[in-house]
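Below, each value reflects all heavy atoms present in this structure, side chains not excepted, and no hydrogens, waters or symmetry copies. For clarity, every value in this text was computed on a predicted model and none was experimentally measured.
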Number of protein chains: 2
Amino acid sequence: MRLVVATCSVDYQGRLQAHLPLATRLIMVKADGCVAIHADGGAYKPLNWMNAPNRLVEGDGTWTVTNDKGERLTITMTEVHSDTSVELGRDPGLEKDGVEAHLQELLAADVTVLGRGWRLVRREHPTDIGPVDLLCRDAEGAAVAVEVKRRGEIDGVEQLARYLERLALDPSLRPVRGVLAAQVVKPQARVLAESRGIGWVELDYDALRGVERAEMTLF
Amino acid sequence: MRLVVATCSVDYQGRLQAHLPLATRLIMVKADGCVAIHADGGAYKPLNWMNAPNRLVEGDGTWTVTNDKGERLTITMTEVHSDTSVELGRDPGLEKDGVEAHLQELLAADVTVLGRGWRLVRREHPTDIGPVDLLCRDAEGAAVAVEVKRRGEIDGVEQLARYLERLALDPSLRPVRGVLAAQVVKPQARVLAESRGIGWVELDYDALRGVERAEMTLF
DNA sequence: GTGTATATCTCGGGG
DNA sequence: CCCCGAGGTATACAC
């Protein structure tokens, strides 16, 4: 990784046009070639950047970074305050827990959390516009499509509604109803869901995990 | 801005739980207090981070960053390879051109681009689920809701459809139709729009800007 | 490659 | 503060 502190102006031309007036900034060049220009604030997002793969040409006080999509980043430096490189090596990567995929796993392991007597037919049940998170049958044997979210918002309801439209075309599933399952279901999402005849349920992640742990201990 | 290169492991607990095994990384601390841990690849996004405002406590080989939302980032360093600080000063900020807001401005300045004889009623016309980008009247005086996007995709059609549902409840607007206006309208979006009776139009950004420039020259 | 969904999204605006 | 919408979203994954 190369770290350059320089007084510079920057121009980006590609998906939009953007210009940074002259100021002192940090320019980070990673091993994969990506370039990021950071100010001393504004969370982790750089002011400007160019992802890999790209080509970096260092000219006289000007760096030009281009890629195959026709994007171009031009850094014009009036003064370079420091220019250091450091070898970091390959990173073992981030281990996550508590994202939607995990929530879906926990639910799939015991869909009776959603309703007494329910059973799982299939995870990631395919439709022609994308996969439904969980396809279940309720105690009466009726099909239920479940959309799992960390946060239940309007777009989750829309997504489920689109799937329901498709699933309803399959005679073996009809009639099919939908349930939005999330740790939190926002008020707007509740309103929209109810107005479309879609159910919703809030999940307790820690309890789900506790249930799983208890069962793993049991067997 | 402070830049520390260290061999460290990292744990984050908050919106999810995440762990980074021991490896050498760059730790960036900005003037506003935000902390980001970068590997030597993976675009500009850090592996782990903590936004401002927060509290950073430096202990013996361990940094602990906490905030009021109950999030906690713990960095355990086994070796510090370098630790430098640099004064960057306040950044003048990014100037953008070519984003949706600008597209909407250009369209609002001349809605006849969308249809002969159209006139603009209001920009950001409010509904109870959000504002419609442009509300117009066509040559016959019928209401038209226009959703402006840089790229017209399925979610833009859904968004406009939701607005149309609401607008149709207003007798003074009924009947109201919708048009998705974008520089590019994706095939799926076209299909979905047409199946819902929503129109779509592709815009030439440069031409729009040229028209505006020409008019500004004229008057 | 396009298409679809997720994200500790980030960021900004409005109430 | 939350809610909502845009983003050069980025990123992963399926087709």
Side-chain donor-acceptor contact under 3.5 Å, A:Thr7 with A:Thr78:
no

At 4.0 Å (heavy atoms only), tell me whether B:Glu147 reaches a base, stays on the sugar-phosphate, or touches nothing.
sugar-phosphate

Expressed as a whole number of angstroms, how long is the span from A:Glu124:CD to D:dC13:P?
12 Å

For a side-chain contact (heavy atoms from CB on, under 4.5 Å) with B:Leu203, tell me which candidate from B:Val185, B:Leu107, B:Val184 qualifies.
B:Leu107

Sugar-phosphate, base or nothing in reach of B:Ile154, heavy atoms under 4.0 Å
sugar-phosphate

State whether a side-chain donor-acceptor pair under 3.5 Å links A:Gln159 with A:Glu147.
yes

B:Thr66 backbone acceptor or donor facing B:Asn54 side chain under 3.5 Å:
no

Please report the distance, rounded to the nearest Å, between CG in B:Leu94 and C1' in D:dA6.
15 Å

For A:Leu103, report the nucleic acid contact type (base, sugar-phosphate, nothing); a contact means any heavy atom under 4.0 Å.
nothing

Identified side chain to side chain donor-acceptor pair (under 3.5 Å) partner of A:His19 from the options A:Asn48, A:Thr74, A:Asp11:
A:Asp11

Taking heavy atoms of chain A and a 4.0 Å limit, find me the 5'-most and 3'-most nucleotide of DNA chain C within that range.
C:dT4 to C:dC11

B:Gln188 CD - D:dA14 P separation (whole Å):
19 Å

Residues of residues 9-22 of chain A with any non-hydrogen atom less than 4.0 angstrom from an atom of DNA chain D: list those, numerically ordered, please.
A:Tyr12, A:Arg15, A:Leu16

Please give, in whole Å, the distance from D:dG5 P to B:Leu160 CG?
12 Å

If we take the P atom in both D:dT11 and C:dC11, what is their distance in whole Å?
15 Å

Would you classify A:Asp155 as touching base, sugar-phosphate or nothing, given that sugar-phosphate means primed atoms plus P, OP1 and OP2, and contacts are heavy atoms under 4.0 Å?
nothing

Using modelled atom types only, decide if a donor and an acceptor are shared between the side chain of A:Arg25 and the backbone of A:Cys8 within a distance under 3.5 Å.
yes

Using modelled atom types and a 3.5 Å cut-off, is there a donor and acceptor pairing between side-chain atoms of B:Thr112 and backbone atoms of B:Gly115?
no

Would you find a donor on one side and an acceptor on the other, under 3.5 Å apart, between the side chain of A:Arg123 and the backbone of A:Asp133?
no

Looking at A:Lys186, does any N or O in its side chain come under 4.0 Å of the phosphate oxygens OP1/OP2 on D:dC3?
yes

Of B:Leu73 and A:Arg162, whose closest DNA chain C nucleotide lies nearer the 5' terminus?
A:Arg162

Can you tell me, in whole Å, how much space there is between the P of D:dG8 and that of C:dA5?
22 Å

Using a cut-off of 6.0 Å, state whether more than 12 heavy atoms not belonging to A:Arg90 lie near its atom CZ.
no

Rounded to the nearest angstrom, tell me the gap between atom CD in B:Glu100 and atom P in D:dC4.
17 Å

Of B:Lys149 and A:Asn51, the one whose nearest nucleotide on DNA chain D sits closer to the 5' end is B:Lys149

Side chain of A:Lys30, backbone of B:Gly41: donor and acceptor closer than 3.5 Å?
yes

Just to be sure I understand the rule, does B:Gln159 reach a base, reach only the sugar-phosphate, or reach nothing, if contact means heavy atoms closer than 4.0 Å?
sugar-phosphate

Counting the atoms with a prime plus P, OP1 and OP2 as sugar-phosphate, which does B:Arg72 contact under 4.0 Å by heavy atoms, base, sugar-phosphate, or nothing?
nothing

In whole Å, I'd like the distance from the NZ atom of A:Lys45 to the C1' atom of D:dA10.
9 Å

Between A:Glu153 and B:Ala101, just flag the one whose closest nucleotide in DNA chain D comes earlier from the 5' side.
A:Glu153

Please give, in whole Å, the distance from D:dA10 C1' to A:Trp49 CH2?
9 Å

Measure from OH on B:Tyr44 to C1' on D:dA10 and round the result to the nearest Å.
6 Å

Mark yes when over 12 heavy atoms from residues, nucleotides or ligands other than A:Glu100 sit less than 6.0 Å from its CD; otherwise mark no.
yes

Does OP1 or OP2 of D:dG5 have a side-chain N or O of B:Tyr163 closer than 4.0 Å?
yes

